[in-house]
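Accompanying notes for the structure given below.
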Amino acid sequence: MGSVRPARPSEAKSLSALARRSKAHWDYSQEELAVFRTELTISPEDVESHRTHVLEEGGQIVGFCTLTPRGPGVVELEHIFIEPSYLGKGFGSLLFHHACGIARKAGFRRLVILSDPNASGFYHAVGAQLESDIPSSIRGRTIPYFVVPLGDQGAA
């Protein structure tokens with residue numbers, strides 16, 4: 001099932017489009033999706049600076065993730081998106097565990113996730129621990145903040 005590789009800066013536009021399709025799967029209104037547009041735009045520079053990896057199936061990109069350092073020993077799983085037609089088939093778990101492995105190998109001790117509320121069940125299922133709810137970019141809404149301990153291999 002699928003293979004993961006580092007993303008190329010030239011793939012930024014297609015990754016942004018994938019992120020928007022995946023987010024739209026949750027039936028957000030057009031106004032809400034407009035708020036998310038900036039958050040879901042991946043630039044070629046982001047691909048290079050945010051440990052971006054893609055998941056391919058049959059030569060086609062079906063998912064991606066980005067890891068962004070947030071402090072000594074802490075990295076954020078800033079993006080993880082799967083093509084809607086591939087949701088619920090194990091591709092998200094494969095990509096999530098790959099991201100944890102990358103973070104661990106890089107020496108991070110803690111992975112943090114600001115989750116879409118619709119993805120909460122997924123993060124619980126893969127073993128992330130809910131730490132709190134924080135304000136969302138959508139006014140009057142909160143989002144879950146998850147943590148995954150990665151071990152003590154040293155600070156990144």
Side-chain angles (χ1 to χ4, degrees), residues 1-70 75-106 108 110-131 133-134 136-138 141-150:
M1 170 197 297
S3 61
V4 182
R5 65 164 172 80
R8 296 185 276 277
S10 63
E11 296 169 324
K13 189 174 182 177
S14 64
L15 297 181
S16 298
L18 188 160
R20 289 195 273 290
R21 284 190 302 276
S22 186
K23 192 71 147 182
H25 169 78
W26 299 111
D27 293 324
Y28 284 106
S29 70
Q30 288 304 311
E31 294 79 23
E32 291 168 322
L33 289 172
V35 171
F36 296 136
R37 187 168 184 81
T38 301
E39 298 169 18
L40 301 178
T41 300
I42 311 297
S43 71
E45 295 78 23
D46 292 336
V47 170
E48 291 182 323
S49 65
H50 294 271
R51 287 187 172 97
T52 304
H53 284 73
V54 297
L55 171 60
E56 292 181 318
E57 175 71 5
Q60 173 186 340
I61 295 174
V62 298
F64 77 96
C65 66
T66 62
L67 292 166
T68 305
R70 294 295 185 210
V75 67
E76 179 184 347
L77 180 60
E78 188 172 6
H79 297 292
I80 184 168
F81 289 103
I82 302 295
E83 281 288 356
S85 62
Y86 286 82
L87 290 171
K89 298 178 180 176
F91 289 92
S93 293
L94 182 126
L95 193 54
F96 174 81
H97 292 296
H98 184 84
C100 288
I102 292 167
R104 193 175 287 112
K105 188 174 182 180
F108 292 101
R110 182 175 158 110
L111 178 84
V112 298
I113 306 154
L114 293 105
S115 171
D116 184 290
N118 295 297
S120 247
F122 167 77
Y123 289 116
H124 281 293
V126 295
Q129 302 161 4
L130 179 63
E131 191 163 280
D133 286 313
I134 61 172
S136 166
S137 55
I138 302 289
R141 173 180 104 130
T142 61
I143 58 174
Y145 179 82
F146 286 94
V147 174
V148 178
L150 297 173

Counterpart residues, salt bridge (Lys or Arg N to Asp or Glu O under 4.0 Å), relative to Glu131 (two or more places apart): Arg110
Results of salt bridge (Lys or Arg N to Asp or Glu O under 4.0 Å) for Arg20 - residues two or more places apart only: none
Results of side-chain hydrogen bond (donor to acceptor under 3.5 Å, both in side chains) for Gln60 - residues two or more places apart only: none
Sequence-distant partners of Asp116, salt bridge (Lys or Arg N to Asp or Glu O under 4.0 Å), two or more places apart: Lys23
Validation row: Cys65, His79 side chains within 4.5 angstrom (heavy atoms): no
Would you give me the side-chain donor-acceptor pairs under 3.5 Å for residues 83-93, sequence neighbours excluded?
from, atom 1, to, atom 2, distance (Å)
Glu83, OE1, Arg21, NE, 3.1
Glu83, OE2, Arg21, NE, 3.4
Glu83, OE2, Arg21, NH2, 2.4
Lys89, NZ, Ser85, O, 3.0

pair Val112-Leu77: side-chain heavy atoms closer than 4.5 Å: no
Backbone of Ile42 reached by a side-chain donor or acceptor of Ser16 within 3.5 Å: yes
From CA spacing to verdict: side-chain contact (heavy atoms from CB on, under 4.5 Å), Thr52, Asp46: CA-CA 8 Å; Thr52 304; Asp46 292 336; 5.5 Å; no
Flag side-chain contact, heavy atom, 4.5 Å: Trp26 against Pro117: no
Heavy-atom closest contact (Pro44 atom, Ala12 atom, distance): N-CB, 3.5 Å
Minimum heavy-atom distance Leu150-Ala103, with the two atoms named: CD1-CB, 3.6 Å
Salt-bridge contact Glu11-Arg5 (side-chain N to carboxylate O under 4.0 Å): yes
Enumerate donor-acceptor pairs with a distance under 3.5 Å from any side-chain N or O in residues 119-126 to protein atoms, sequence neighbours excluded.
none

Inter-residue atom distance Leu15.CG - His53.NE2, 0.5 Å rounding: 12.0 Å
Positive for side-chain contact (heavy atoms from CB on, under 4.5 Å) with Phe81, one of Thr66, Leu55, Leu18: Leu18
Check against side-chain contact (heavy atoms from CB on, under 4.5 Å), Glu48 and Arg8: CA-CA 8 Å; Glu48 291 182 323; Arg8 296 185 276 277; over 6 Å; no
Residue pair Gly63 / Leu95: nearest heavy atoms and the distance that separates them: C-CD2, 3.9 Å
Rounded distance (nearest 0.5 Å) linking atom CD1 of Ile113 with atom CD of Gln129: 10.0 Å
Chi angles and distances behind the side-chain contact (heavy atoms from CB on, under 4.5 Å) call for Tyr145, Ile143: CA-CA 7 Å; Tyr145 179 82; Ile143 58 174; over 6 Å; no
Test item: Ile82 and Phe64 side chains (from C-beta on) under 4.5 Å apart, heavy atoms: no
Validation row: Phe146, Val148 side chains within 4.5 angstrom (heavy atoms): no
Min side-chain heavy-atom separation Val4-Val54 under 4.5 Å: no
Any side-chain heavy-atom pair of Ile102 and Val75 under 4.5 Å: no
Main-chain N/O of Gly2 paired with Glu57 side-chain donor or acceptor, under 3.5 Å: yes
Thr68 and Glu76: side chain donor to acceptor below 3.5 Å: no
Between OG1 on residue Thr142 and CG on residue Leu114, distance to nearest 0.5 Å: 11.5 Å
Flag side-chain contact, heavy atom, 4.5 Å: Leu111 against Cys100: yes
